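When a ligand or atom number is given, it counts from 1 through the structure's own listing order. These numbers were taken from a predicted model, which means no experiment stands behind them.
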Amino acid sequence: MPVSTANHLLESLEPVVAENLDRHLGLAQEWHPHDYVPWSEGRDFALLGGEDWSPEQSRLSETAKAAMITNLLTEDNLPSYHREIATRFGRDGAWGTWVGRWTAEENRHGIAMRDYLVVTRGVDPVELERARMDYMTSGYDSGDKTPLEAVTYVSFQELATRVSHRNTGKVTNDPVADRMLARISKDENLHMVFYRNIVAAALEIAPDETMRAIADEVIGFEMPGATMAGFRRNSMMIAKAGIYDLRLHHDDVIMPILRHWDVFDRTNFGGVGEQARDELATFLEGLDTQAARFVERRAEHRARAAARSDSGETPDIAS
Ligand SMILES: [Fe+2]
Ligand SMILES: [Fe+2]
């Protein structure tokens, strides 16, 4: 899309952004990270005369640790995401107010999760800090997305994050962590609704360009953490545990948003939009098949692991 068209679209969407910003501010409830952290469990580390972290202090499973670290490091790269949206949406008017507000809300997520993990000694704080330094130093760059592509991408990404936090809470086996992650998930859901509503308006203003952006963002979707050290290993564990996998990605992230936009029943597309929709439909069929295969393989793997543990062998920890 030429720059002039992209800017024009941003301007046309401004009243919708203003309306949804008001809606968001009306619905968002104030909450404080400190309320979600069990401070009474905290104690000094060696530098202050206490004891440094060691693995037996953690009550989290290997899977819960992998998910917590992945989710926290993803939240930590906020300066990159701020840059991503500030350069696309600008700093003026309702777009600019949203960029600031969203950034401030997101920062709470990293604060709450880090405080929880350090106080409860859930993960190695040295390893966590080194990973944060590493990941933030390389930063996140989504490439040359247009503003429309960026707003489309984050619609899916916010919902993906919501699902991931929510299911991570469940595998921690800790009601304190579960409550904290449920609270964070609520924020992610409101963020998703905001972006989703902007794209819905864009589908009316510029149906073909928006449909093209939707197809491209679904087909090329990648979580922002993909460049993080250990991401492959951790995301495998996360998928095996059903925290975030292809089935959830298709059923609980991509499809509900596409349905909300009425993508497959719309009649206002020209040739470009029709073609993009066809490509999307073909891709989704493939994704659904892949998801079914993954779930099948996982079930077989779990059954084998259960049989092994019945016979007294050590079960695979990630399954
Ligand atoms: Fe977040
Ligand atoms: Fe969010």
Side-chain angles (χ1 to χ4, degrees), residues 17 20-21 23-37 67-86 88-89 95-117 128 131-132 135-136 139-140 142 145 150-170 172 177-199 217 221-228 231 234-235 238 243-244 248-249 252-254 256-257 260:
V17 172
N20 277 279
L21 176 64
R23 181 184 182 278
H24 178 84
L25 295 175
L27 286 172
Q29 294 160 328
E30 188 182 25
W31 65 277
H32 300 104
H34 71 259
D35 287 326
Y36 292 81
V37 177
M68 280 289 226
I69 288 173
T70 305
N71 292 4
L72 174 53
L73 291 177
T74 302
E75 295 284 351
D76 277 338
N77 236 346
L78 182 59
S80 282
Y81 315 138
H82 174 84
R83 184 184 59 219
E84 288 277 319
I85 67 167
R88 265 94 178 182
F89 305 158
W95 277 113
T97 308
W98 168 258
V99 169
R101 170 74 193 203
W102 175 87
T103 305
E105 288 188 11
E106 287 293 349
N107 199 16
R108 270 185 195 152
H109 304 167
I111 293 170
M113 292 175 74
R114 172 163 283 95
D115 285 349
Y116 168 85
L117 287 173
L128 180 65
R132 185 191 65 79
Y135 183 46
M136 284 186 77
Y140 169 75
S142 72
K145 282 194 203 306
V151 79
T152 305
Y153 170 75
V154 289
S155 304
F156 297 112
Q157 204 272 327
E158 292 283 0
L159 187 51
T161 315
R162 179 205 185 188
V163 169
S164 181
H165 283 312
R166 193 72 196 85
N167 289 339
T168 297
K170 290 177 193 159
T172 58
D178 191 37
R179 189 168 49 202
M180 171 187 65
L181 291 165
R183 180 53 266 194
I184 293 174
S185 294
K186 269 194 188 180
D187 282 6
E188 310 296 20
N189 195 52
L190 274 186
H191 297 161
M192 177 277 289
V193 169
F194 176 89
Y195 291 125
R196 188 190 66 185
N197 291 351
I198 307 302
V199 176
E217 294 311 312
F221 187 86
E222 201 172 52
M223 287 296 260
T227 58
M228 186 187 295
F231 184 76
N234 288 345
S235 54
I238 287 166
I243 296 167
Y244 199 86
L248 291 165
H249 184 62
D252 293 1
V253 174
I254 302 296
I257 294 180
H260 184 88

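Using a 4.5 Å heavy-atom cutoff, the side chains of Ser164 and Asn71 are in contact.
Proximity of a side-chain donor or acceptor of Arg88 to a complementary backbone N or O of Glu84 within less than 3.5 Å is detected.
Between Tyr36 atom OH and Met113 atom CE the span is 14.5 Å, to the nearest 0.5 Å.
The pair Arg166-Asp178 meets the salt-bridge criterion, since a charged nitrogen lies less than 4.0 angstrom from a carboxylate oxygen. A salt bridge links Arg114 and Asp76; the closest N-O separation between the charged side-chain nitrogens and carboxylate oxygens is under 4.0 Å.
With sequence neighbours excluded, the residues satisfying ring pair (Phe, Tyr, Trp, His ring centres under 6.0 Å) with His249 are Phe221, Tyr244.
Within a radius of less than 2.8 Å around the Fe ion (ligand 1), the protein N, O or S atoms are Glu75 OE1, Glu75 OE2, Glu106 OE1, His109 ND1, Glu188 OE2.
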